[in-house]
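Residue numbers begin at 1 in each chain, while the letters A, B, ... track the order of the sequences.
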Amino acid sequence: MVRTNPNLIREIKKLGAFDITACYSCGECTAICPLSENNFELPRMMIRYSILGLEDKLLSSPQLWLCYYCGECSESCPRDADPGALMMAARRYSIIKYSLGGIARIFYSKIMSIVSLIVLSIIAGLGIYLFKESLDLTRFDPFSLLSYEFIHTAGLVLAVYIAVIALLQGIKMYNYIKHSALEGNLPAGTKVKNLIKSFFIVLFREALAEQRYSKCERQSRYVAHLAIFWGFILLFIATTLDYLKNSNILGLRESYEILKAIDIEIFGVLARIIGIIGGLIGVYGSIYFIYKRLIKDDVYSEYSHASDWVFLVLIFLVILTGFLIDIFIYTNMFLLAYAMFAAHLIFAFDLIVTAPFTKFAHFGYRLIAVWFYEYQKLKISK
Amino acid sequence: MNKLACDVVVIGGGIAGIQASLDLANMNYKVILLDSGPSIGGKMILLSKTFPTLDCASCIATPRMAESTHHPNIKILTYLQIVSIDKHDSSFEIKILKKPRYVDESKCIGCGRCSEVCPVEVPNEYEGGLVPRKAIYIPFPNSLPNVALIDKENCIKCGACERVCPVKAIDRNQKQEEVLIEAKAVIIATGIDLIDYSKKIEYGGGKYVNVLSSYQFERILNATHPYGHILRPSDGKIPRNIGYVLCVGSRDLNWGVKYCSAVCCMYSIKHAIMALHHLHDAEITIYYMDIRTYGKGFEEFYNRAVKEGVKFVRGKVAKIEEDPETKDLFVYLENFDTGKVEIRRHDLVVLAVGIVPTINDSALFKAKLNVYGFIERKLIDVDPASTSIDGIFVAGTAAGPMDIPDTITSASAAAMKAALYIERKG
Amino acid sequence: MAKRIGVYVCHCGGNISDTVDVEKVVEAIKNYPGVVVAKHFMFMCADAGQKMIEEDIKKYNLDGVVVASCSPKLHEMTFRNCVARAGLNPYLFYHVNIREDVSWAHSDNPEEATKKAIRHVKAGIEYVRHAKPLEKIKVKTIPSVLIIGGGIAGIRAALDLSRMGVNVFLVEKSPFLGGRTAQIWKVFPTGETGKEIVRRLIEELKKRDNIAVYTNAEIESFSGFLGNFTVKIKVYPRYIVKKHPRITEAIKKCPIEVPNEFDYGLTKRKAIYIPYEGAYPDLPVIDMKHCNKCGECVKILGDAVDFNQQPQTITLNVGAVIVATGFDAYEPKEGEFGYKKFQNVITLPQFERILDISNNEEKIMFNGKEVKSIAFIYCVGSRQIPTGPEKVNEYCSRYCCSVTTHLNAELFKKFKDLTIYNIYRDIRTYGKYETYYEEAGRKGAVFIRYDPNDPPQVCAEGDKLLVTVRDLLTNREEIEIPVDLVVLVTGMVARENKKLEDILKLPIGRDGFYQEIHPKLRPVETNIAGILIAGTCQGPRNIQETLASASAAAAKAASIVLRETIELEPLVAFVDPSKCNLSKLCMKECPVNAIQEKEYEGLGVKAWVNEALCIGCGACVAVCPTEAIQLKTLSTDQIRAMIKAMAEEI
Amino acid sequence: MSGKEVSREKRNTFLYLREKIGFKAPPKELQERLKEQNEIKKKILEALKTGPKTVPEIAKETGIDTYTIFWYLMTYLRYKQIEPVEKTDEGYWKYKWVGGR
């Protein structure tokens with residue numbers, strides 16, 4: 001027995017599902033959805049939960065995160081109710097609800113999100129200003145802007161921050177969706193085996209290849225989405241390599257003979273190559289989505305929430321500033337390169353600090369949901 | 001140019017036009033009934049049986065058609081095109097172009113010998129293209145006037161028909177003819193057409209041969225069966241498992257029309273019952289969203305279908321796929337009884353295609369059309385036959401989707417209003 | 001005198017001759033007694049065929065013609081006219097159907113089909129041999145029409161007929177015109193109030209001088225036949241005889257308060273009252289059932305009040321009758337969805353009244369509390385599922401879905417922050433009404449589908465209500481819906497009107513509504529010639545459909561009464577008074593009361609058939625013990641001769 | 001009418017037409033379609049003349065697709081040149097040629 005709540009749909013409508021109440025429950029969206037599978041039907045049941053106000057049901061549906069918004073549901077909807085937008089808005093709603101203390105709400109209000117980003121940027125800028133070293137303008141040395149120790153500590157703090165929040169929020173989400181997750185009369189050993197097996201399926205098929213997304217009819221969106229993801233990953237690797245080149249983590253290099261033998265410069269070259277590739281595909285992906293959202297030529301780009309813009313623009317800016325650093329280095333405009341480096345750090349800081357509460361978080365939640373889904377599939381197939 | 005005069009011109013010789021003409025003629029007004037096609041009778045005469053009583057459509061429509069042809073106050077003109085309708089102070093001037101049939105209407109006795117010998121075979125539009133007809137043909141068995149016409153596009157001028165015609169009725173020298181009609185009032189009864197269901201690519205209508213429109217299925221069920229039995233077009237197999245998809249184009253903003261076509265639920269149930277009577281052990285499944293059996297005796301009819309074994313499954317069919325080997329079909333839907341997405345196999349799938357107005361040339365009719373292309377009724381809540389133009393009235397489905405009883409009622413109402421307009425007593 | 005009969009067998013272009021050997025048929029009956037000429041022809045109905053018959057009639061001096069061809073429905077009139085052109089009485093012709101009855105039915109067995117055709121033709125010859133020349137029956141008509149029921153259907157029909165120059169008598173049982181429409185808050189598609197629609201019709205009505213309106217009136221007796229009915233009506237007094245400027249004051253003074261039926265008892269009215277402002281006639285009425293004659297109103301109104309007014313009986317002569325007596329709203333049983341158990345469970349008509357009464361307010365108020373959330377439960381009293389021997393309303397009430405979804409949209413337009421749940425079975429917004437459903441949804445109305453075998457439960461939760469329902473759209477999830485108000489969307493039921501039904505002998509269908517003669521082709525006519533039905537007395541429908549059916553009924557009535565005389569086919573019974581022993585069995589059997597007693601000269605009182613009323617069904621012929629009553633077109637002798645001919649060896 | 005008479009009349013019609021309306025050959029496309037039609041019909045006819053057959057059986061014999069065969073068979077049915085004689089277990093009718101020629 002569940003109780004209706006008229007306010008839920010009002011909330012979700014505010015997050016972007018404007019026309020969803022026009023839905024007359026025909027089921028066409030669910031039947032046409034390439035990702036819809038038995039026991040994981042989407043999106044109509046999510047619409048029902050939203051309209052009726054069954055919040056617990058909605059938040060405990062992994063189906064929300066199995067959707068990639070291919071838009072086929074919205075394209076064929078006979079009432080133009082845009083089920084895809086509902087899924088999007090419901091995910092936003094879930095991000096808010098899963099976030100610690102509901103803090104994510106800030107980032108789904110246009111004004112609040114901009115204000116908080118400005119505040120964060122000021123904090124980052126202030127940090128850079130306060131801890132800046134004396135700039136070496138004859139060459140580009142990041143450590144002449146901020147000391148190695150500072151970057152190291154800040155990075156570590158951020159990593160721990162992200163990990164803790166991600167863990168807490170992940171647990172929160174898990175608590176919602178767990179109701180049937182690990183139940184059932186499988187022997188404990190099989191359970192663990194299945195969990196591990198499904199984890200690897202998720203890692204390789206979903207996290208790295210987004211295989212489910214490729215089932216969508218429009219492959220270009222899938223490619224762009226994958227491009228952003230891989231762009232990000234590659235840039236992260238490049239940044240790490242670059243960092244490795246310039247640092248000596250815990251004095252490892254001195255301690256081991258093998259490491260001493262490696263030409264440290266190769267890290268730099270690798271970082272350049274990976275960085276350029278990552279940057280290019282990342283730029284492609286983000287520009288693709290920005291362009292789509294600007295021209296609104298298909299249903300899924302028709303409506304953009306402020307949070308979508310912030311996310312896309314931040315990613316774009318992070319990559320852009322990264323590129324500009326290199327350009328300025330090669331053109332020997334070191335002052336500008338330092339400025340870009342600072343901007344890069346600020347945008348990256350914004351992106352990372354807000355990540356658990358913004359659209360960024362969908363990556364994590366989706367992985368949990370897909371893990372759950374793969375696990376269930378294994379269980380059923382048994 | 002020929003000139004004719006009458007009290008009321010009724011445009012459209014379907015059952016609405018016929019009813020309005022008869023009512024006016026019985027009130028002693030002179031009526032000219034126009035039909036653009038080669039026969040009057042409209043859509044109703046082509047139906048098999050009618051819901052909810054299951055009496056045969058031609059059994060009840062033919063006498064009306066005959067009555068209107070014999071009525072001294074009614075003159076019927078068929079196979080024509082309306083060129084213009086002009087309103088003067090107190091009268092209307094309707095210019096029409098009578099198209100040549102290449103067969104002398106007054107001589108032809110409708111024996112059908114000519115089509116028997118004609119060598120050209122083209123899809124028969126009256127049978128939904130399921131079977132061929134000849135280049136010289138009588139539209140359908142009960143057509144009125146029951147005379148042949150030549151489809152000039154496809155005629156190869158072999159002369160076979162002229163050779164066998166017992167009354168020498170074939171006249172290749174016929175020219176189109178302009179006729180000017182003066183009338184005091186006009187009734188529009190132009191009726192409906194089917195939505196172009198090939199627009200719904202996901203259903204494969206027009207591509208998959210075993211996906212039929214409801215009209216085609218109606219013909220298959222007709223007493224004059226084009227196939228002799230209920231068979232499916234791909235290979236003449238007796239279908240054992242028929243899927244019936246409701247709301248094809250209706251209630252669909254995406255590619256169809258916004259409104260509900262008002263008749264599909266009932267005719268689909270009718271088809272299911274009739275098919276079940278013919279194919280005793282067949283399984284017939286109707287996929288629906290809402291069953292709209294709203295009229296007198298309709299709900300009882302629905303309950304009867306359930307009792308007789310017609311399966312009703314709630315869920316809108318999202319797409320249909322064809323098995324290229326067997327030409328069987330798979331329909332995809334979310335079944336609300338199970339809450340699961342299902343793919344179901346059928347020998348034959350029928351689409352309950354919605355209806356759209358026939359007229360879309362508002363410039364010609366000058367009466368205002370509503371957003372759906374139906375004639376807008378001006379004073380809908382006090383006078384449902386009125387249009388935006390004084391003296392032009394609307395009858396039947398030209399004003400919106402409705403079933404036969406409502407059509408007849410609205411036709412009689414339009415006749416009343418036209419009579420009142422002519423009398424204008426107060 | 002022996003008849004000279006011509007027989008003509010048609011090939012129907014092969015339709016007949018492919019199966020039936022027409023030459024053999026001609027051969028077989030050529031020498032049959034009475035047959036002077038027998039021929040076959042490709043198309044008898046074609047000009048050439050008809051000319052041949054005409055010439056033969058003159059040439060052979062025929063006094064009987066048999067054509068064996070298609071169904072008489074198609075061409076009986078053609079050949080009757082053809083025979084008449086040749087100077088022969090058209091009823092000396094018989095049409096044998098050997099196409100539908102023979103060749104089409106037996107295409108698999110040509111031999112037997114030919115034999116059957118021969119038998120049929122022989123029977124046709126026997127028919128003609130015994131046929132007598134007949135004339136059409138002429139009936140004079142009275143150019144006026146009685147309309148029973150003063151709702152919008154009655155008024156619409158009255159206006160149409162009146163403008164055609166027909167005198168109209170409009171009889172309404174209650175003291176005011178307007179019927180149910182006046183009670184409606186907002187009418188689709190225009191969003192006007194029901195009163196506004198009634199007002200517009202009444203404005204027109206007031207201008208007409210050939211409409212006589214009788215309110216507070218009832219039909220007392222009814223007799224006569226198509227074109228000439230005599231109706232007695234009884235008009236009950238209003239006790240207010242003229243207008244008075246201080247009427248409002250007088251109403252206020254009246255000390256008696258009773259539940260106002262116009263508002264379904266939601267408000268109170270006085271014993272002297274006008275149900276709403278603008279009601280017509282704009283003369284109040286005193287409800288004598290409740291009035292205690294205290295005289296308060298007399299003090300103000302003086303001689304405008306007349307307590308001594310007596311009922312009057314008026315006799316009307318009319319050519320046709322239109323019955324437009326409307327419907328009753330279904331009254332839910334006590335406890336049905338909590339009706340009458342909880343105060344805030346009301347019916348849709350009551351809700352319309354609440355909205356109408358508080359039209360100027362910004363909130364919906366009920367029992368002094370603001371209503372923020374509403375649940376509509378659909379199909380209350382419609383589409384009922386039989387559970388026992390008790391009769392239920394199996395039919396769908398047709399109008400409720402459109403009305404309620406339209407109401408949803410209107411409510412959202414007018415009131416802010418409203419939550420509406422629609423608990424339905426199927427939404428039947430057919431035709432363009434679908435847009436109301438869409439609009440309601442788009443504006444935020446929630447739709448929940450229930451299983452009629454597991455209907456929603458209503459119970460109380462504090463001063464709110466809790467509706468529990470399994471939602472078929474959400475995997476049968478059991479859902480609790482807290483609301484301030486539950487509105488039961490009640491259907492239409494046939495109105496109790498036994499007295500009128502008995503007087504007019506109105507045909508009643510299984511659903512309790514009046515039955516039309518043919519649901520498709522003759523939707524406003526009944527099996528009693530001259531009695532027409534319009535509006536919701538025939539079955540549930542909305543305002544537009546009601547108006548269309550009223551105009552259609554008016555058209556039918558006009559085509560009856562606008563002709564001075566009506567010609568009827570002589571397909572009627574007649575009495576041979578010399579044989580009649582006045583058993584009166586025929587009178588009992590006659591479905592239309594066409595047989596009466598009559599004094600015949602020299603023979604005394606015997607049965608007599610009123611030809612204008614007789615429908616030629618033959619029920620009387622079957623029961624007459626002395627064969628005194630016969631059909632003009634098919635006597636018992638004829639039938640016997642035909643059967644004999646059919647049974648003959650071939 | 002004997003074959004000779006028929007052909008004479010055909011010729012007469014042709015002459016009559018030429019005189020009356022000035023004979024114009026039908027469009028090429030139409031002629032070709034007709035040719036194709038006649039070929040298909042011939043094949044079907046040949047298959048039928050060897051005994052009653054179902055649509056798939058004719059298809060197997062002629063190599064024409066079942067849909068086309070069924071379409072043309074129905075013309076024969078309309079003019080009563082074939083009749084369904086027996087139902088097979090697979091749910092097909094066997095059609096028998098009764099049209100002469």
Would you find more than 12 non-hydrogen atoms of other residues, nucleotides or ligands less than 6.0 Å from Glu177(B) atom CD? yes
Tell me, side chain or backbone of Leu34(D) under 4.5 Å from chain B's heavy atoms, or both, or neither? side chain
Is it true that, when you exclude Lys43(D) itself, more than 12 heavy atoms of the residues, nucleotides or ligands shown sit nearer than 6.0 Å to its NZ? no
Identify which part of His229(B) has an atom lying under 4.5 Å from any heavy atom of chain D, answering side chain, backbone, both or neither. side chain
Can you establish whether the number of heavy atoms outside Lys96(D) located under 6.0 Å from its atom NZ is more than 12? no
Are the side chains of Ile238(B) and Trp93(D) in contact, using a 4.5 Å heavy-atom criterion? yes
Report, as yes or no, whether the 6.0 Å neighbourhood of atom NZ on Lys152(B) holds more than 12 heavy atoms from other residues, nucleotides or ligands. no
With a 4.5 Å cut-off on heavy-atom pairs, point out which of Pro119(B), Pro123(B), Gly112(B) contacts chain D the most. Pro123(B)
Side chains of Glu153(B) and Leu30(D): does their closest heavy-atom pair fall under 4.5 Å? no
What are the two closest non-hydrogen atoms of Asp235(B) and Val55(D), and how far apart are they? O-CB, 3.2 Å
Under 6.0 Å from the CD atom of Glu39(D), do we count more than 12 heavy atoms belonging to anything else shown? no
May I ask you to name which of Glu116(B), Lys237(B), His225(B), Arg133(B) has the most heavy-atom pairs under 4.5 Å with chain D? Lys237(B)
Contacting region of Phe70(D) [heavy-atom separation from chain B under 4.5 Å]: side chain
Give, for atom NZ of Lys327(B) and atom CG of Asp65(D), the distance between the pair rounded to the nearest 0.5 Å. 7.5 Å
How about Pro233(B) and Trp71(D): do any of their side-chain heavy atoms sit closer than 4.5 Å? no
Is there a side-chain contact between Met74(D) and Glu127(B) in this structure, where contact means two heavy atoms from C-beta onward sitting under 4.5 Å apart? no
What part of Leu231(B) lies closer than 4.5 angstrom to a heavy atom of chain D: side chain, backbone, both or neither? side chain
Choice from Glu83(D), Glu29(D), Glu90(D), Arg33(D) maximising heavy atom contacts with chain B below 4.5 Å: Arg33(D)
One should read off an interatomic distance between Tyr67(D) OH and Arg232(B) CZ, to the nearest 0.5 angstrom, of 13.0 Å
Could you check which of Pro226(B), Pro132(B), Ser234(B), Cys155(B) has the highest count of heavy-atom pairs closer than 4.5 Å to chain D? Pro132(B)
What's the shortest heavy-atom distance between Lys41(D) and Glu121(B), and which atoms? NZ-OE2, 2.9 Å
